[in-house]
Number of protein chains: 2
Amino acid sequence: MSAREQPVKEQRRTRQRAAVDEVLDETDDFISAQELHSILRSRGASVGLATVYRTLQALADDGRVDVLRTGGGEAAYRKCARDEHHHHLVCRSCGATVEIAGPAVERWTSSVAKEHGYVDVAHTLEIFGTCPKCAGQS
Amino acid sequence: MSAREQPVKEQRRTRQRAAVDEVLDETDDFISAQELHSILRSRGASVGLATVYRTLQALADDGRVDVLRTGGGEAAYRKCARDEHHHHLVCRSCGATVEIAGPAVERWTSSVAKEHGYVDVAHTLEIFGTCPKCAGQS
DNA sequence: CCAGTTTTTGACAATGGTTGTCAGTTTACC
DNA sequence: GGTAAACTGACAACCATTGTCAAAAACTGG
């Protein structure tokens with residue numbers, strides 16, 4: 001979680017990866033591997049489930065998508081606009097996502113960690129709520 | 001995540017629940033249901049796995065233990081000292097845990113959420129690092 | 001203490017997300 | 001074109017967690 005600079009292990013361009021990438025590009029909210037897979041199916045672009053998992057995992061490892069662990073224990077993925085570390089404000093009803101930068105939080109977490117002698121520090125922070133649209137309809 | 005005041009649904013005192021509670025009391029780090037179960041086994045206090053899961057879930061629902069979603073997708077539980085909402089600084093090597101209160105973060109998250117019109121807000125924040133002891137040994 | 005009622009337990013099946021396997025396919029490169 | 005290495009996909013295997021349901025334990029009022 002510190003030296004994250006591997007030259008992005010060599011990879012080949014394939015129809016399947018392009019398809020996954022395309023769906024991610026079009027989707028603004030976090031989606032699970034399973035959801036992504038069924039979207040691909042419904043489009044006719046048949047891609048194996050295992051391949052979807054592998055592709056998402058590779059993207060996540062390279063930091064090209066953000067990963068979120070849902071309460072139910074499944075992983076959700078999203079291709080984010082900004083490159084730097086940031087957080088998400090997610091609607092627990094419709095999944096609408098707002099990207100948040102929190103320099104203050106970054107500073108706070110690292111100072112707290114240092115205070116206790118911890119090194120090589122990373123953190124996870126996600127905010128869940130109900131977005132205006134969903135709150136309105138009830 | 002807002003009105004969390006149910007009078008703790010009536011429950012019966014059983015040997016099994018006492019055993020789970022005891023292990024939680026003695027353990028300062030987060031442990032998974034499976035780990036807890038095998039600790040019980042190794043002590044001779046045989047408790048069914050399903051029971052361990054049910055008990056932990058009940059405790060978590062009542063807010064009497066904190067739950068952490070590990071990267072591997074399993075849930076880890078810990079009985080915490082303080083009652084109010086707080087966060088954890090966890091050693092990714094030995095699991096040593098420090099409880100952290102972060103009023104500033106609480107304020108920040110709710111103001112950010114409000115700013116975007118989100119209501120009924122909750123958040124998760126955990127800090128991972130390597131504790132002094134583990135860092136020393138390498 | 002006793003019988004009745006309700007909760008709890010536990011062994012096991014079932015679920016569901018995710019990963020491993022491995023032969024067949026595709027890509028990159030010469 | 002031909003070859004080696006990477007990739008794919010169908011399916012089995014895993015593993016944490018939850019559901020099932022009859023038997024066992026805990027409470028409760030006699």
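This structure is a prediction, so every number in the text was calculated from the model and none was measured. Chain letters run A, B, ... following the sequence lines, proteins first, then strands; residues in each count from 1.
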To the nearest angstrom, how far is [X] atom [atom1] from [N] atom [atom2]?
| X | N | atom1 | atom2 | result |
| --- | --- | --- | --- | --- |
| A:Q57 | C:dT19 | CD | C1' | 8 Å |
| B:I31 | D:dA16 | CD1 | P | 14 Å |
| A:R41 | D:dG9 | CZ | C1' | 11 Å |
| A:H37 | D:dC11 | NE2 | P | 12 Å |
| B:R69 | D:dT17 | CZ | P | 7 Å |
| B:L49 | D:dT18 | CG | P | 10 Å |
| A:R17 | C:dA28 | CZ | P | 10 Å |
| B:D61 | D:dT18 | CG | P | 10 Å |

So, does [X] get its side chain near the phosphate of [N], meaning an N or O under 4.0 Å from OP1 or OP2?
| X | N | answer |
| --- | --- | --- |
| A:Q16 | D:dC7 | no |
| A:T14 | C:dT27 | no |
| A:Y53 | C:dT19 | no |
| A:Q11 | C:dA28 | no |
| A:S32 | C:dG17 | no |
| B:R12 | D:dA24 | no |

*Which comes earlier along DNA chain D counting from the 5' end, the contact point of B:R13 or that of B:A75, where each point is its nearest nucleotide?*
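With B:R13 and B:A75 compared, the 5'-side residue is B:A75.
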Using a heavy-atom cut-off of under 4.0 Å over every strand shown, decide if [X] touches base, sugar-phosphate, or nothing.
| X | answer |
| --- | --- |
| A:S46 | sugar-phosphate |
| A:E35 | nothing |
| B:R54 | base |
| A:Q34 | base |

Judged by atom type as modelled, is there a donor-acceptor pair below 3.5 Å linking the side chain of [X] to the main-chain atoms of [Y]?
| X | Y | answer |
| --- | --- | --- |
| A:R17 | A:R12 | yes |
| B:E99 | B:A81 | yes |
| A:H116 | A:K114 | no |

*Between B:H123 and B:H87, does the ring centre distance come in under 6.0 Å?*
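Here the rings of B:H87 and B:H123 have centres that are less than 6.0 Å from each other.
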*Compute the ring centroids of B:Y53 and B:H37, then answer whether they are less than 6.0 Å apart.*
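No, the ring of B:Y53 stays outside the 6.0 Å limit from the ring of B:H37, centre to centre.
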